[in-house]
2 protein chains.
Amino acid sequence: MKVIMIGGVVVGPKVSARLRRLNSDAEITIIEKGTLLSYGACGLPLYVANLVPQLDGLMKTSYGVLRDTDFFQSQKNAKVLTQTEAIKIDRVNKKVLVRHVVTGVEETLDYDYLVLGTGAIPSIPPIPGVNLGQVFTLHRPQDAQALKEFIKAKKVKHVTVMGSGLIGIETADALSSPRLKVALCEAESQVLPKLLDADMAQLVERQMKLQGVDIRLSCRVKALEGDADGNVCRVQTEQGVIETEAVVIATGVRPEVGLAREAGLTIGITGAIQVDEHLMTNDPFIYAGGDCAEQRHLITGEPVYIPLASTANKQGRVIADHIMGISARYAPVEGTSVLQAFELNIGRTGLGEAEARKRGYNVVTSVSSGLDSTHYYPMHANITIKLIAEKEDGRLLGAQVCGLGDGVKRLDVLATALKFGAKVADLIDLDLAYAPPFATAIDVLIHAATTLENMRLGVAQGITVEAFLNRLQAGEKLCLLDVREPDEVAANPLSIEGTKVIALGELRERWEEVPKDSLVVTVCGLGIRGYDAACMLKGKGMNQVVFLQGGLSVANAYFDKI
Amino acid sequence: MKVIMIGGVVVGPKVSARLRRLNSDAEITIIEKGTLLSYGACGLPLYVANLVPQLDGLMKTSYGVLRDTDFFQSQKNAKVLTQTEAIKIDRVNKKVLVRHVVTGVEETLDYDYLVLGTGAIPSIPPIPGVNLGQVFTLHRPQDAQALKEFIKAKKVKHVTVMGSGLIGIETADALSSPRLKVALCEAESQVLPKLLDADMAQLVERQMKLQGVDIRLSCRVKALEGDADGNVCRVQTEQGVIETEAVVIATGVRPEVGLAREAGLTIGITGAIQVDEHLMTNDPFIYAGGDCAEQRHLITGEPVYIPLASTANKQGRVIADHIMGISARYAPVEGTSVLQAFELNIGRTGLGEAEARKRGYNVVTSVSSGLDSTHYYPMHANITIKLIAEKEDGRLLGAQVCGLGDGVKRLDVLATALKFGAKVADLIDLDLAYAPPFATAIDVLIHAATTLENMRLGVAQGITVEAFLNRLQAGEKLCLLDVREPDEVAANPLSIEGTKVIALGELRERWEEVPKDSLVVTVCGLGIRGYDAACMLKGKGMNQVVFLQGGLSVANAYFDKI
Ligand SMILES: Cc1cc2nc3c(=O)[nH]c(=O)nc-3n(C[C@H](O)[C@H](O)[C@H](O)COP(=O)(O)OP(=O)(O)OC[C@H]3O[C@@H](n4cnc5c(N)ncnc54)[C@H](O)[C@@H]3O)c2cc1C
Ligand SMILES: Cc1cc2nc3c(=O)[nH]c(=O)nc-3n(C[C@H](O)[C@H](O)[C@H](O)COP(=O)(O)OP(=O)(O)OC[C@H]3O[C@@H](n4cnc5c(N)ncnc54)[C@H](O)[C@@H]3O)c2cc1C
Ligand SMILES: CC(C)(COP(=O)(O)OP(=O)(O)OC[C@H]1O[C@@H](n2cnc3c(N)ncnc32)[C@H](O)[C@@H]1OP(=O)(O)O)[C@@H](O)C(=O)NCCC(=O)NCCS
Ligand SMILES: CC(C)(COP(=O)(O)OP(=O)(O)OC[C@H]1O[C@@H](n2cnc3c(N)ncnc32)[C@H](O)[C@@H]1OP(=O)(O)O)[C@@H](O)C(=O)NCCC(=O)NCCS
Ligand SMILES: [Ca+2]
Ligand SMILES: [Ca+2]
């Protein structure tokens, strides 16, 4: 059996490795037009940030062996042709035409099964100046090397990043330092527009600003302009000009599907190669996976294009199994994504609120904050969790996390629960691990779930910071009731007009001081005391009381601005 | 409505807090025979270890307010009677007789609903000497304070801990330091006998020994002996005498059920109060939760006694809801437990292998090790995961984790998957969050699952270290094939007779050097290369090849001894 992989980064190597373990005889060939193999592109921002000192650290196994041509030959008995481009697939005769990129020599290879792992390429916006010098992307190891060397050599003090997706934010974090100012231009009105809802994105934006990033939202770049040497020196945007020494374009990637399209393979509505649950294309002898292929979304059932290394690896294993006649199938995805940037752990799974509403779901959400471990444990930090669920039965649709604390544990739990069709009420029952270093006795995720259920079932009424500000800006008279302790208030006093300060511990005695003629919005640090205060006031017969969801840990990101 | 709680630590306060939010009129009373309320007993080892400087840190809210009588009065409008013992329940007339422990004054209180949160007390073995001076338990804040003050005042250099359950191990860790030697006596043949299978316990034992603990297994304490002042100075064990300056008894807790039994409430076969899914006792006006009550196990359906603060808090919420007529039910538990000790993160969920076998399950297990994040990320560490599943269909029964790395994230995911009846194959599909700081592209948990499935489906044959050593000790000729890199071998060479060293990268060429006349056991650092090597050799037609599960990260705990 002859199996050919096109693309040598994740899918090709993973199929090869698994296939070899299942079959000692198969002739396995990996075709890669570049020079490098099997690298961790996900680590490139760490390399730029000097957290990974050497590029080949991203191409080594954990025991220090370079995954080069020799590695695949000796360990996986796979033949690797680097600097070799596949230029045509002859499906009828099951042949691939390849051309050596240096010598131009062409050759035809036979296959029984073909695996497309051609990946993605950066999507470059059609604006003037993208070909100037010092305009970078961050896609391949060479890109990262060029960027890093240039910054070091020229002692660069200003870089503009275009795009605030996962890679744009990670790059901004990697570059930004007291010695190097980063400007970030994003055409949408928020950062991470594909990852987070606008409210959660605010938390990221606030932290980035605190760390000195010059964020420009709703700011499409119109052109890049160069100096006499043909190097970029200026960015023309919808919001004016940015003087800069380099530009990193991080405006997304698009699937590399030219070869597939030309061979008559079906391209899906996402623009990536359409595959069935076995990752088979419309040709039963050709599979596709990784960044060149579509996936199916678990919640919507729709085809989606969510190119990630985690899913690419899993797909590789399924493809190898299916080629070997094992009835493997690749499960629909939830689009779980995560990044660490500006000290924040940021992630999402499932549908966002905006996505869910657009699809017509009757949505209920909660935004709540809490600690990732007990406050008396020396290391603990905040997490904000947003849950998105169906109103009628509380079925979980998605979740987002952001914070300095360990939100990724909660994200993985939520991704797991989502997989099994959990309702929010099921989350309340989860028997999660508790000891003081790891969680609070009721985990912050369970608090998020009870918070949502309390609102869904009418035990509590919460208001989002956005809704609160909208009503305030519409001229409505609102009373913000700050129930924090005096020391907390002194450290971060609220400047919104009409704010009344009564610590929770005094509220039961002093509740009559609270105005009765307007909506009362109770606020505290995380949301929990605000909730308790709202319950207390409702117990006193006040009906116009809501608590501010997430408390100041969310509201600070907004209040700073007003 | 009058609701009385007996016990003021977790269940009583949580029921009170939730009930108050649902009902502003209820008369809520908490009866507590001690002086302290609402404290984090789980943090006591941290206090002993000086990680929590002040005891009242364990009784404060995260915003710094002490949860004392005033707190419950002002914030929850709950009346608290401390130093007041409930001594009799009159179910017919719905009255509780209480007695003030200082004044002896008695009083009768009416209730509509009664909540038993009487908790647990340390179970003291019936041996001579337990009442000597300097014999401690670690149950209440006062215990921790006494222990800590004594150790500081007397510059104690040797303490003996009896019992290696969660509290015994946490206490041993809290005390042990270069200046203070801890001896740990455990009657069973392993540490953490209720938490871990013997193989996983080995990992803990190894680390404890490396950190200087004098572990004595299968070592029942026969008596404590005192000096002339009546202070303990010697421990008589089945394995001889230990000279010591103090003893901490940590041989488990037993539910405090005297009051309930006397009132004719049903006590279950675990010795704790029997409750239904609403946490109602056999008296519909009396609920019980926390450490005095039984729970039901998710997998076996059996009643179990697993006293934990996490579940006690959740139960409190359910009890309050049910009293208020909300149809809340408390879900069966998985016994998820976790601790951090000797730098290890240790935990379990569901059934252990031994427990599952005892109950007649046809069990398959995997033990595998891997990294918690990418090896090139500056912070990464090992985790060993044991999965326990049913052989036929791969349904997950339980899991255990141990390592320096973040195993607790994986444990929570496993606890969540278990809740939904996951099969191991479902774990392979999980769409977990991946970026280099948080995981490897295929998460270590997914690797654990594929490892199990590979063995269950016959793709790979693994051998546990125990089985390997048993066969070796039975005189069988075995070839240990070490496929690590030369630098790894040099740093930690194997001394087992018949070990052959061929790095994985050379094995395909040099495979004929491998002996054909005995079982070949391939070994590497974590298990993954051993698996790859075994596949390679089987591809060469060798059938007698197995890989050593978990590699040296597990085997080191055993090999050290031989
Ligand atoms: C900066 C950065 C950060 C990232 N961070 C994360 C992260 O945190 N988490 C995550 O899950 N993912 C992350 N990703 C995405 C991840 O790297 C990709 O999903 C993964 O590399 C996809 O692998 P692939 O094999 O499908 O394709 P690619 O990595 O794109 O590789 C495809 C290969 O195919 C070759 N090729 C294409 N056409 C041909 C042809 N005709 N002939 C021969 N060779 C061909 C290309 O040269 C290329 O080397 C990140 C990516 C980048 C760039
Ligand atoms: C050192 C230590 C570490 C721990 N670590 C963890 C951990 O990491 N994770 C975890 O989940 N759990 C842990 N636990 C367990 C956790 O502390 C208990 O599960 C929890 O405290 C149980 O709460 P409870 O309210 O049911 O009972 P308790 O905390 O036992 O409180 C019961 C109270 O009732 C009072 N009482 C009893 N009878 C009467 C009466 N007749 N009249 C009046 N009052 C009465 C008692 O005085 C006592 O104060 C740990 C416990 C200890 C001691
Ligand atoms: C590394 C690569 C070549 C795949 O090779 P691989 O040998 O399949 O390695 P993996 O780590 O993926 O898989 C490990 C295998 O060992 C098994 N395994 C993992 N841990 C194990 C353990 N402790 N004991 C036994 N087996 C173990 C797994 O089940 C898996 O086998 P399977 O696929 O046959 O079930 C491919 O993933 C690759 O090229 N990656 C490039 C890096 C990358 O992923 N980049 C993008 C992210 S930054
Ligand atoms: C603290 C104690 C009195 C309970 O009081 P509580 O007010 O119910 O506090 P909790 O933190 O448990 O619950 C928080 C409440 O706020 C809600 N909440 C949590 N975070 C929230 C947020 N960010 N926004 C809004 N609501 C939030 C929760 O839903 C919960 O309300 P509910 O029970 O009505 O659904 C009780 O748990 C106790 O005494 N604990 C002692 C410490 C302990 O647990 N010891 C053992 C472990 S070491
Ligand atoms: Ca930075
Ligand atoms: Ca210690």
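Hydrogens, waters and symmetry mates are skipped; everything else that's a heavy atom, side chains included, is used. Each chain gets a letter, A, B and so on, in the order the sequences are listed, and its residues count up from 1.
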Sort B:Arg529 into side chain, backbone, both or neither according to what part of it lies under 4.5 angstrom from a heavy atom of chain A. side chain
Less than 4.5 Å to any heavy atom of chain B: does that hold for the side chain of A:Gln75, its backbone, both, or neither? both
Contact class of B:Asp487 relative to chain A, heavy atoms under 4.5 angstrom: neither
Which heavy atom in A:Lys409 sits nearest to a heavy atom in A:Phe438, and how many Å separate them? NZ-O, 2.9 Å
Pick from B:Val65, B:Leu22, B:Leu58, B:Leu526 with the largest number of heavy-atom pairs that fall under 4.5 Å of chain A: B:Leu58
Chain B contact via A:Tyr47 - side chain, backbone, both or neither, heavy atoms under 4.5 Å: neither
Is A:Gln73 in contact with chain B via its backbone, its side chain, both, or neither, using a 4.5 Å heavy-atom distance? backbone
Give, as side chain, backbone, both or neither, the part of B:Thr61 having an atom under 4.5 angstrom from any heavy atom of chain A. backbone
Engaged part of A:Ala422 at the chain B interface, taking heavy atoms whose separation is under 4.5 Å: both
Name the option with the most non-hydrogen atom pairs under 4.5 Å to chain A; the candidates are B:Leu371, B:Leu339, B:Asn77. B:Asn77
Is it the side chain or the backbone of A:Arg510 that comes within 4.5 Å of chain B heavy atoms, both, or neither? neither
Under 4.5 Å from a heavy atom of chain A, the part of B:Leu432 involved: both
Part of A:Ile446 lying under 4.5 Å from any heavy atom of chain B: side chain
Whatever's closer than 4.5 Å to a heavy atom in chain A on B:Tyr376 counts as both
Hey, are B:Arg20 and A:Asp532 close enough for a salt bridge, meaning a charged N less than 4.0 Å from a carboxylate O? no
Looking only at heavy atoms and a cut-off of under 4.5 Å, which of B:Ser62, B:Ala312, B:Ser24 has the most pairs with chain A? B:Ser62
Considering only heavy atoms, which portion of A:Gln340 lies under 4.5 Å from any heavy atom of chain B: side chain, backbone, both, or neither? both
Please rank B:Ala435, B:Ala433, B:Gly57, B:Ala309 by heavy-atom pairs under 4.5 Å with chain A and give me the top one. B:Ala433
Taking every heavy-atom pair that is under 4.5 Å apart, which of B:Ala415, B:Ala425, B:Pro332, B:Gly43 has the most such pairs with chain A? B:Gly43
Run the numbers on A:Ser38 and A:Phe71 for side-chain contact (heavy atoms from CB on, under 4.5 Å), then give the verdict. CA-CA 10 Å; A:Ser38 189; A:Phe71 171 88; 5.7 Å; no
Proximal component of B:Tyr330, with respect to chain A [non-hydrogen, under 4.5 Å]: neither
Where the side chain of B:Arg317 meets the backbone of B:Asn313, is there a donor-acceptor pair that is under 3.5 Å apart? no
Does any heavy atom of chain B fall under 4.5 Å from the side chain of A:Asn23, the backbone, both, or neither of them? neither
Residue part contacting chain B, namely of A:Leu51, when any heavy atom lies under 4.5 Å: both
Under a 4.5 Å heavy-atom cutoff, which of B:Leu445, B:Asn345, B:Leu507 has the most pairs with chain A? B:Asn345
B:Lys419 and side-chain contact (heavy atoms from CB on, under 4.5 Å): which single residue from A:Asp426, A:Leu430, A:Leu427 fits? A:Leu430
Given that the side chain runs from C-beta out, which part of A:Val459 has a heavy atom under 4.5 Å from chain B: side chain, backbone, both or neither? side chain
Checking A:Lys76 against chain B: side chain, backbone, both or neither under 4.5 Å from a heavy atom? both
